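Reviewing the structure listed below.
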Amino acid sequence: MSGLETLLDSRRVWRAQEIATDSGPTTLATGHAALDAALPGHGWPRDAVSELLSGGAGSGELGLLWPLLSRLGGEAGPVVLIAPPGVPYPAAWRRAGVALAQCYWLDVGGREALWATEQSLRAGCCAAVVAWLPQADARALRRLQIASASGETPGFVHRPLGRASEASPAALRLRLHPGAELEVLKCRGGRPPSGRIRYGRPAGESMTSDPVTSRRRDNPRGAPTQAGIARAAPRER
Amino acid sequence: MRWVCLLLPRLALEGALRERRDPASPFALTEGRAPRQIVRAANAAARALGVKPGQALGVAESLCLGAERGGEGVEKGLASDAVDPETTNRWRRHLADWAYGYSSQVSLHYPHALVFEVESSLNLFGPWPRLEARLRAELEALGFTHRLVIAPNPAAAWALVNAHDALAVDSPGLEAALGALPLGRAGLDAHSLKTLKRSGFRRLGELFALPRSALSRRFGGALLRHLGELRGEWPLALESYCPAHGFSRGFEFDTPVQATAGLAFPLKRLLQTLAVFLRGQDAGVTRFRLALTLEDRSTQHVEVGLLAVQRDPETLLELTRGHLERVRLDGPVSALTLTAAELTPYAPVRRELLDGPAQQSQAWAALRQRLVARLGEASLKSLVEHREHRPEAAVLGGAGPEGVATPERRARPGWLLPAPTRCDSEIAELLAGPERIESGWWDGNDVRRDYYLVAWHDGRRAWVWSDPAGAGWYLHGWFG
């Protein structure tokens, strides 16, 4: 017992439960009821880095973050995207409810992306900082974690699935599965819930119910059935 | 009228020291031609080793070398430089720029001194003791030894500063203060002084006691006029200093600088000088230029553009460093010149009055400035919705004359790839589509594509298109 206390005193081990009870409302609701219920803080950590591991763009990362980004909506400051995997499509972001006037993205890479992320987190004026940093290692993440805590700015770092096995100082680690499902790998303040959490509709689902689909009949080329094209696609090579 | 006279007894030395990287090591200013240079002034470290004005340079150098051998922690021998009247004048003008922040009437009429009128400034800066403390603190920070006297007219202030420091004289007390002044300190010309001394006069007061007609008859009208100016009875018109419209200062290196990191010290000095100049003019800058003179006499220019008007030297230094980090030097740099051709009126922001959102927007402005300074203006982008059917034009702009008036209502992917890439085997299933996009015939970039939402082989959601007329599939975006 005394051995355990020595270990705790030396601060090399932290008590998972302690932080959740000590700290007040240091989280931001994710906007997904199922996810909020599963996380020990009932939301995204407010002054820490959350790490999102995925197979790349299109894994549902925007569906996951958009509710938060749209709720912060300009009042809490600008949202800064750093080194995103593509050009943000303004129409899609507006449809998701994000205030475009308060949304900026930085077209940089490598070391500069890490620097910009740290600066933005530390400045303490951004509503949220979302970065794509496949190059970041545990040391870099620790720096970002400190910057996020000192700037009291929530940070979201996207990294590839290959990094899942590495240790990470992020306060929350999520693994995204296509089809709007995720797994909690690590969360500060509690034991990670087991199993996959379904947090919303799969991305782009609304397109199915779009008027465009019904207009298919007017397609002069004579639209094949969806399944038909799916089978035809590989053959067209 | 209340005139301040600022005497700078060690301006030449202190100006030269300010341009040195190690102002604490022994340094002397010399005059005369080699090899017969004479020490004109020396800094504290050199004086401590026995260097005195009037010594031959050789003697002074050997004194410092001796100390070095004695191991008193002196790193180098005596560094020396010839007195350069132009450098001294430049620093005098620099201080005039500084004084211009306190008065619109600044004059460089008297040697080694500045006179400026402050009566109208007292309303703003408080009573004289407070203003005096402020002036002294700023001069201290700039690194100049000084003496300050305030008197009702510039001639009296100049005469009194020769004998006093921290003297404040008002009109009723002027005659008594001047009267006690020895004749040698009263700024009289050499001929009158000699005649007066021979006649047995020692102090100004003795002259004031004589009838004017007698003075004029015996010593000439010029003396009477000088006495009149001192007492403020005779108007004195001094040419006013007129600050330059732009700023340009240089810095030469003893040894060429190889890396941008070596430019930090001179840059800091130049920016501090710039900041003093800007404060005097109540102005700021939005852009300035660094000219780096390379060893081969060619010049490399670095333009520093700012998003907002700035004049704080710390901020300017940080932003300039950000700019320089992206610059690759074309060669070793032998001199650096900072030029700010355009000044912009500066409106200071009262930080303490701001709260919440205003403070935050200020912090964002500062962050933005920092990001742009290092990463370049083009890399920070905002999300602007262009009303266009073609995805490239909708995201990147360049809408034609017939850009749609209504915002896009159909599902669009969160990410658009800058250029479509060919993909065939990666598509697992078509989930929705097609959506025909046919537009842009007016600008020659017309497209005719059928877009589909597809499931990628690993389950991700992609936006792909195929040409209705041709074969092949192209990946164009991701539904994040």
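None of the values given here were measured: they were computed from a predicted structure.
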task: For the pair A:Leu62 and B:Trp478, evaluate side chain to side chain contact (heavy atoms under 4.5 Å, CB included) and give the outcome as yes or no after the intermediate values.
output: CA-CA 10 Å; A:Leu62 291 177; B:Trp478 294 103; over 6 Å; no
Intermediate values then yes/no, side chain to side chain contact (heavy atoms under 4.5 Å, CB included), B:Leu383 and A:Trp105: CA-CA 8 Å; B:Leu383 269 63; A:Trp105 67 286; 3.5 Å; yes
message: One pair to check against side chain to side chain contact (heavy atoms under 4.5 Å, CB included): A:Tyr89 and B:Trp463. What are the steps and the verdict?
response: CA-CA 12 Å; A:Tyr89 205 126; B:Trp463 205 41; 4.1 Å; yes
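Heavy-atom pairs under 4.5 Å with chain B peak, among A:Gly55, A:Ala116, A:Cys126, at A:Gly55. Of the listed residues A:Ala96, A:Pro84, A:Gly63, A:Gly56, the one with more heavy-atom pairs under 4.5 angstrom with chain B than any other is A:Gly56. When each of B:Gly459, B:Ala378, B:Ser379 is scored by its heavy-atom pairs under 4.5 Å with chain A, the top score falls to B:Ser379. Between chain B and the options A:Gly86, A:Cys125, A:Ala92, the largest number of non-hydrogen pairs under 4.5 Å is found for A:Cys125. The choice from B:Gly376, B:Pro391, B:Ala366 that makes the most heavy-atom pairs within less than 4.5 Å of chain A is B:Pro391.
For A:Trp93, the part lying under 4.5 angstrom from a heavy atom of chain B is the side chain only. Contact of B:Val464 with chain A is not made at all, since no heavy-atom distance falls under 4.5 Å. Looking at A:Val98, neither its backbone nor its side chain comes within 4.5 Å of chain B, counting heavy atoms on both sides. With a 4.5 Å cut-off on non-hydrogen atoms, B:Leu367 touches chain A through its side chain but not through its backbone. Looking at A:Val108, the atoms closer than 4.5 Å to chain B (heavy atoms on both sides) all sit in the side chain, from C-beta outward.
Side chains of B:Leu375 and A:Trp115 form a contact here, defined as non-hydrogen atoms less than 4.5 Å apart. Within the 4.5 Å cutoff, side-chain heavy atoms of B:Glu385 are placed close to those of A:Leu100. The side-chain heavy atoms of B:Leu371 and A:Ser120, taken from C-beta on, include a pair separated by under 4.5 Å. Side-chain contact between A:Gln119 and B:Arg370: present, with at least one pair of heavy atoms (C-beta onward) separated by less than 4.5 Å.
Here B:Arg368 contributes atom CZ and A:Leu106 contributes atom CG; the two are 10.5 Å apart, rounded to the nearest 0.5 Å. Put simply, CZ on B:Arg460 and OG on A:Ser54 are 7.5 Å apart, with the number rounded to the nearest 0.5 Å. The structure places CZ of B:Arg412 at 9.0 Å from CZ of A:Arg95, a figure rounded to the nearest 0.5 Å.
Atom CD of A:Glu166 has more than 12 neighbouring heavy atoms from other residues, nucleotides or ligands inside a 6.0 Å radius. Around NZ of B:Lys268, the count of heavy atoms belonging to other residues, nucleotides or ligands within 6.0 Å does not exceed 12.
Listed by sequence position, the residues of residues 144-158 of chain A in contact with chain B number zero, using a 4.5 angstrom heavy-atom cutoff.
Between B:Trp364 and A:Tyr104, the two ring planes are tilted [angle within 30° to 60°].
For the salt bridge (charged side-chain N to carboxylate O under 4.0 Å, His left out) test, no residue two or more places apart in sequence or in another chain qualifies with A:Glu61.
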